[in-house]
Every structure is written in structure tokens, then in C-alpha cells.
Amino acid sequence: MTDSKYFTTTKKGEIFELKAELNSDKKEKKKEAVKKVIASMTVGKDVSALFPDVVNCMQTDNLELKKLVYLYLMNYAKSQPDMAIMAVNTFVKDCEDPNPLIRALAVRTMGCIRVDKITEYLCEPLRKCLKDEDPYVRKTAAVCVAKLHDINAQLVEDQGFLDTLKDLISDSNPMVVANAVAALSEIAESHPNSNLLDLNPQSINKLLTALNECTEWGQIFILDCLANYTPRDDRESQSICERVTPRLSHANSAVVLSAVKVLMKFMEMLPKDLDYYGTLLKKLAPPLVTLLSAEPELQYVALRNINLIVQKRPEILKHEMKVFFVKYNDPIYVKLEKLDIMIRLASQANIAQVLAELKEYATEVDVDFVRKAVRAIGRCAIKVEQSAERCVSTLLDLIQTKVNYVVQEAIVVIKDIFRKYPNKYESVIATLCENLDSLDEPEARAAMIWIVGEYAERIDNADELLESFLEGFHDESTQVQLQLLTAIVKLFLKKPTETQELVQQVLSLATQDSDNPDLRDRGYIYWRLLSTDPVAAKEVVLAEKPLISEETDLIEPTLLEELICHIGTLASVYHKPPSAFVEGSRGVMHKRLPARTGSGEGTESPDVGNAAGGSAAEAAPSIIPSQGDLLGDLLNLDLAPPTTTGPPPPTSGMQMGGMDLLGGGLDSLMGSGFGAAPAVMPASLNAPVGGGLGDLFDLGGGVGMPMGAYIPPKTVWLPAMKAKGLEISGTFARRAGVIQMELVLTNKAMSVMTDFAIQFNRNSFGLAPAGPLQVLTPLGPNQTIEVSLPLSTVGPVMKMDPLNNLQVAVKNNIDVFYFSCQYPISMLFVEDGKMERQVFLATWKDIPNDNESQFQIQDCHLNSDAASNKLQGSNIFTIAKRTVEGQDMLYMSIKLSNGIWVLAELKVQAGNPNYTISLKCRAPEVSQCVFQCYEAVLKN
């Protein structure tokens, strides 16, 4: 009979029966009883009361029974730590059992029992098993070290297990090597600066030897480890590539992707004129193509990785276009991904094939897929100039089908084609205008309005067309309203006599009847321009537009390099660096591809680091969306207000006009001396206009130099009466990026004090002394000495209550004294905490509203600029400022040393001493401490 019978009984009083059976003299009965216990445990019954009886069954030679008891032990040891100690002796004994399976079982179970009291007893058995004669035991012990390190890192380091693990990399058995590498990699991830995997040519050679003989998962660990190695020169790089290449033909797709990652990384160091480089490119294509014959879920992962590879090296798959053609039975997520890669591989050689395929897709039934196919035709036109004409005629054919969503997508992409090839395909405008009434999607309506405004001089009834949109102005989306405003202003500048009423109507709607600040700002700026200097207005609004680039959706190069280093992981599927979704982890390293030898590019090039928003070795991760790295300096334009309040000269107006489309710098353009919005629209455009033109992201409002960081006053942490005459007072400070614990030690006893040392308990942010406590001279009676102790944030972490509580032990020649103190969390605010503006907006929206906390700061008499300066001294950075109805809104960002971001909105009302602050964070428990810091900084 099968074991299912154990799950069918639900008798009452069962525990007593089981207790009796467990203590039976008959081995078979004992085994049956343990099976019943495990069955009850599996279905969620509490059988912890049987703990001592089950542990007694450990003393057996029966391997099956021993496994069952160990299973029970792993489950209940945490809730019964005192009783779990009873099992320690059996572990020690089992680790010396003649049967290697039992030795391995004992060491595996030891690693799974996460009880602090027991771990120190397990060190000796683990040390023996790491040097065991049987490789099966050694490989199990290697993984156990990583588990033990997770429970108590300090213990593992003190016992020298890490050095033993490093020695296992030279083991004769490939599986032991693989497990040692896996364990070291796991430990290294939580200690990014520890350099545990100190790879050199000799150890790399051993890993490559083991690679051929270990299991597939072992191969993945070794390949991932190899990917972190930087070869000395192109010869070593080629040699490693040659030995990794056979893995490309492995049946396991994870092994293939790990091998591709290693080759993609090391190819960076090979000169392109080398014969081997060309050979390697050819060898990389077949395995990637083979991955596409797997089931759809694996295909999708493969396609997301191929998408990255094609962006980095399109030449690998340039002859393989056909494998990316969509099959009728592909799921939609595979279809869309294939379509994306087809566009990336499109070239003059294969464009005819691609267009024929895309036209076919545009007649499919799946709406999302059809939309993307139509967009793809437009992207082909922009990417391959020779095909533009054919693409436009294909799009016109699709418009003739009169299928609503096809027509709308076609109009959106034709707008982009006009931007890429001005004055070339404008003959199609008449056809587009025929379909005006069928447009109901904001993006298509906005595209059509842009076309009418841009080519108003070629369309006889342009004013009628735009007027028809104006009728339902307030029902339109913001995108359409902004586009309509700009289009009518363009039309007015081209045909001023016929359209004066129309432009007054739209400016009135935009500035007086709208609640949208972007729309109002743009309306005021056009109004002001038209009324003060129509020539400048013409130069701004009708300025020649730059041609759009070929590929607008490429991943930014530094991010792409990092993602290539993460091929085969979740990062390569999300197309985001690990720091964007592995939250609060200190262990995420930013990886970079090595520089090509002989190219003169050093790996430490400051430009490369800055482009990515931080240095290559930056350990603290950000938890914001990945776009943060690719916004570049677009929004870092200098938005300081001009010194004069009169209208700007036409040239500056023209420069700003280009910027206005990004929503930046309105105050600078308008001057800064304007009052509230007018109550009545002037009849003539020549009347001067005032307006609330403070732009959301204009920081030119007098934000000056930041003040110094706030340092709390010293307080007594340990009174002399509690510490045999030693009084300790102190505070915390952050200077030049280093956290300091500033201590004042006073000897109020009669004897001399020497041999000072300090230690911290585990705490919420991993604070630990970065060096010894330097009290160089003996502390005599009634003497006082000031000591500054630098702190690091890489110590062991444990959540404290309150979060910023720190438990400290100070030792001297007399005794050990304990006290606890609270550090201001502002000590952990790092210097690179200024978030890009667009990233700020995206992150604010991305963080759930449940994570928002609101606080009141009472009795604060600073204006918004003074508050901003004061906060910046403590690394609380103002990203943006805007004024709404006399209330200043400051948008701020903070980054903690463990990579957590906090976003803030501070409302300051002139004349009101009470501020309101809203904090948003993915770890909302820090909000209370951050609010306390705001209060302390602003009030001191």
C-alpha cells in the first residue's frame, strides 16, 4: 500500500497514540509512527508536542527513519530551540558515521536548522566534513557553509571556514568545486567588497577543468563565476572563450545562456580584426536559434536575452531573420517580442522580406499585435531610408482598409516619418485628413493635430479642422490639449489675419478655464511671446526641428553593458538592473563589461562611471526604475532666472522655445516679476499679460548654497554611576561622506582607565566601527578625552525597535559596560541621493499610495528656499519646486546607505509656521525616523 494512508486519518487523541508508538520497542512501529507524524506536520497540524519522542528515534541505523526525523527536526527546531540542543550529540556522532550518506545527511540538516544557540556546536562537525574523504560529503558541507554564513557571518569568518571553502576550489572532484564556487558566490553577494572569489589564472584553469565534468547546475555556477573575472589580455580572453564554447551545445538552456554571457563579456577584449572573433560570432548564432524551438515560456526568456544581444552585437544574428518571423500559434507575448527583434535586425538587405511579413501581420485578428506591426512598419521607414517610400505606400494601403485602430496607429507613425523626412511625403496629408472623424484615441488625435499645425500652409481648411477639435477642448486628454494649443499658435503665425479669433479662443481656454499647470504655463508663454515679440515667437514656435533618430527605444549603453553581464538572470528578462527590483539589498554590485584592449579606454574612465549615475564599483543599489540611468543631462539645464525683468531678446527666446517642449524653464523665459493670472482676457494680443508661470521644475527661485549638515548636541549615553566611574556622552556626525561617532569619555573614578575597546550589536542599518577605538593615553582620574570613531555600514543587520536604536558595549581595564543610544537617521543619507526629475515622477507614481505617510512640522519659521538650503546640508536634495496658490511645494529625494530611496513633498505656506510633509518609500517603516530628521534639521 502507498504512503497516502498516512494522510487519511483525523482521529482525536491521536497525539497520545503517536507518543506511545514512538516509544515502542519495535522498529517497524516506530517508523510507522514517525511517518504519521510527518504526514500530520505536512497537512499543517501542530505536532511539536512530540518533539522529545521524535528526537529519541534519531538513534537508529535505518537511513529512511533518520531522514524522517531530520525532516521533523528542521521544521520544529526554530519553535523549540531548547529541545533542539538535545539533537546536537546525534549530529556530531552522525558526522563520523562510516556511511557517507549519513554524514552528508547530518551536515545538510545542520545547515537547515536556523537556531543561533545550536550553530556554535556545529562548527567542529562541519570542519571535519569539509575535509571528508568522500566528495559527496565535501560538496554538501560546502553548501552548508553558505547557509551557516547567512545565520551567523561572524562565526563563519572566525572559524576560518571561508579559507577552507577557497581551498575546495582546487578539489579533485568537479562537483565539490562547483558547490564551493556556488557557496562563495552566494556569500560574496551579501559582502560585495570582500573579494572572496579572488580569481587568478591558476584558479580559472581549475574551474575550466571542472566545467567539463560536473552536472549542469554546477556548470552554471562555474560559468557565472567566470563571468565575474576580468582577463589580463586578449590571449587569455581567447583561451577562456575556446574552452567555454563547447557549452553552447548543451541541452540545458540555462547553461547555454550562461555560456553566452561569458562569451559576450570576453569578446569585448578581442580585437575585431582577429580571425577567431569572426568564428566566435558565427558560433553564437546556432545555440540562440535553437533556444527558440523550446516551449513558449522558454522562448520568451530567450527572446528577451536575444533582444539585449542584438542591441550590443546585431552582426551575430543578421542572417537569421526568418527564425523571428511570427508563427500563427505563438502566444501574444512571444509575438510582440519577436516583432521587436525583427525591427532591430532590419537592414537594406532584408527589408523587402520584413515589410511583406509586417503587412501580413497588420491584417491579423489580435489588436495589440496589429498595432505593434503597424508601428513596426513606421520604424522600418525611419531605420532604413531606402525603404521609406515602400513603407509609406504600405501604410496608405492599411489606411484604406478603414479599420479604426489600424488607421490610428498608421497616423501616429506617419507623423514620425514626416519628422524624419521633411518635405518628402506630404502628398499623403489629404488622405490623412479624410480620416479625421474616425480618430478617437488621444495619441492619434494629437498626431493628426500636429500634422495639421505643422503643414497648415498646405491645407486650405486647416483652421476649420483645428476648430472642430476645439469644440470639445475640455473633454480632450492633456496630450491633445497641449498639441492643439501649439498647432493653433503655429497656424496663427502662418496665417495671422484669418485666425486671430481662433488663437484668442484657445489661449483663453488654456489659461483661464483649465486646471492643468502644464497647459496654463504653455498658454501664458505663447500669449506673452505673441503680445511682446511676434518675431521671436515665430523663431521659437516655427523653429526648424531636429530629425528624429533611427532607434528611439534602444537601451542606454551603460545600462546595456550591465544587463549583458546579467544574461540568463531575471535582470535580462525585466531589462532592469538588479538594483531596481532587489530592494534594500546591500549586495547588488553594478557590473560592467571590460574595456577592449588597445582601445585606450581605461576601465576606470570617469565618464563611463558618471554616465551610469555612479562609479562602476558602486555598491549601494538604488530601488528606482532603471530609466534613471538613461535620462542623461537633458533636465539639468541651467534654469536660473535672468537678471532683467523685461522681455528676453529673440535669441534667448528661441533657445528656450526648444526647452519648453520639455516643460522646463518658463520663469527664465518670462522674467520673474509677474503677479496673479488676469481676471479677464485682454481684447487685443498686444496687451501685456501677467501669469502664475512658476514651472513645476524651475529651481531658479533663489535656491542658494547649502548650509552645513545638522549635528545633534551631545547627550550623556552612559552615566558614571552605572559604569564604575566612566561617563560616556556623544553624538553622531557625517563629514565628507564618513559617519563619525563622536565620544567624550570622562573618568570620574579614582583609578586610571586603559585598554578601551568598543563593539556594536547587530542593528537595522549594519552600523559597525570601521576601526578600533583610539584612546592613545591612559585616562586618569577626573580627566576627559574626546574621541572620533569612524563607522561603516557593512556590519551584520537586524531590525531594531526603534529602527535607529544602537546597542553598544565599551570595554576597559575595569569591566565591560553596555548602553544603547539612538542615532539620527540623517547620518545615513548619502551624497548621491539627488534623483533625476523624470525618475522622481516615475518612482513617486510607482510606489503604492499605502506607503505614503503624512506628518506636521509645527512652529517652523523658515521660507521654502532657506528650508531647502538647510536640508541639502544633510543630503536631503530638492528636485523641484512649484508654487500653487501662495503655497510652495518642494519635491525632495533621499538615499540611505543601504540603497533605500525616500521621496518627500514639503508644503510651505508663507506666514504659516506649520509645514506639511508627505513621505513615500518602498520601506515605509523608515518614514517616522526620516520625519524626525526633517524636524530636527529644520528647527535647529
Side-chain angles (χ1 to χ4, degrees), residues 408 411-412 414-416 418-419 436 439-456 462-463 465-494 499 502-530 537-538 540-543 545-546 548 552 634-635 637 639 653-654 656-670 677 681 685 689 691-698 837-838 841-842 845 880 882 884:
Q408 307 208 63
I411 286 174
V412 172
I414 285 174
K415 182 200 86 169
D416 288 342
F418 285 171
R419 285 286 311 273
L436 210 66
L439 306 181
D440 53 17
E441 290 172 15
E443 200 175 355
R445 288 172 77 84
M448 193 65 225
I449 291 167
W450 182 87
I451 291 169
V452 173
E454 190 67 16
Y455 300 103
D463 50 343
L465 295 177
L466 292 176
E467 201 167 356
S468 68
F469 282 106
L470 204 56
E471 287 160 12
F473 186 77
H474 288 304
D475 301 327
E476 300 284 7
S477 70
T478 307
Q479 183 183 8
V480 176
Q481 289 176 333
L482 288 166
Q483 203 57 267
L484 191 53
L485 172 61
T486 303
I488 291 176
V489 171
K490 284 180 185 172
L491 176 65
F492 171 72
L493 290 168
K494 290 174 181 179
T499 52
L502 189 62
V503 80
Q504 286 194 352
Q505 193 184 347
V506 78
L507 287 173
S508 172
L509 285 168
T511 54
Q512 292 182 340
D513 304 346
S514 170
D515 297 332
N516 185 314
D518 290 343
L519 187 61
R520 275 207 314 271
D521 283 356
R522 193 179 289 195
Y524 281 129
I525 195 172
Y526 284 152
W527 191 351
R528 178 80 177 166
L529 264 174
L530 293 169
K538 212 162 189 168
V540 171
V541 181
L542 302 180
K545 287 156 199 66
I548 58 176
T552 50
L634 248 190
L635 292 160
L637 298 165
L639 302 184
M654 189 169 170
M656 282 304 200
M659 208 163 71
D660 168 45
L661 300 175
L662 296 169
L666 297 183
D667 279 350
S668 336
L669 183 53
M670 305 303 299
M681 178 85 175
L685 279 171
V689 178
L693 296 171
D695 174 38
L696 171 61
F697 283 137
D698 178 29
R837 296 170 195 177
Q838 284 182 343
L841 282 172
K845 287 177 191 164
R882 66 169 173 156
V884 179

Spacing of [X] atom [atom1] and [Y] atom [atom2] [to the nearest 0.5 Å]:
X: I488; Y: L493; atom1: CD1; atom2: CG; result: 12.0 Å
X: K494; Y: D463; atom1: NZ; atom2: CG; result: 13.0 Å
X: K415; Y: E454; atom1: NZ; atom2: CD; result: 10.5 Å
X: Y524; Y: L519; atom1: OH; atom2: CG; result: 10.5 Å
X: E476; Y: L484; atom1: CD; atom2: CG; result: 7.5 Å
X: R522; Y: T511; atom1: CZ; atom2: OG1; result: 14.0 Å

Original post:
Please walk me through it: do L507 and L530 pass side-chain contact (heavy atoms from CB on, under 4.5 Å)?
Top reply: CA-CA 11 Å; L507 287 173; L530 293 169; 4.3 Å; yes
Subject >> Close side-chain approach of L509 and L485, heavy atoms under 4.5 Å >> reply: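 Answer no - side chains too far apart.
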Original post:
Is the shortest heavy-atom distance from the side chain of L470 to the side chain of V506 under 4.5 Å?
Top reply: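 Answer yes - side chains close enough.
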Closest non-hydrogen atom pair between [X] and [Y], with its separation:
X: V412; Y: A444; value: CG2-CA, 3.7 Å
X: G453; Y: A487; value: CA-CB, 3.8 Å
X: F473; Y: Q481; value: O-NE2, 2.9 Å
X: I451; Y: I411; value: CD1-O, 4.3 Å
X: P442; Y: S477; value: CB-OG, 3.3 Å
X: K490; Y: V541; value: CG-CG1, 3.6 Å

Original post:
Hey, does the side chain of Q408 reach the backbone of E441 with a donor-acceptor pair shorter than 3.5 angstrom?
Top reply: yes
Subject >> Partners passing ring pair (Phe, Tyr, Trp, His ring centres under 6.0 Å) against F469 (at least two apart in sequence or in another chain) >> reply: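 Result, ring pair (Phe, Tyr, Trp, His ring centres under 6.0 Å) vs F469: none returned.
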Original post:
Of L466, V452, L465, T486, which is the lone residue that meets side-chain contact (heavy atoms from CB on, under 4.5 Å) with L491?
Top reply: L466
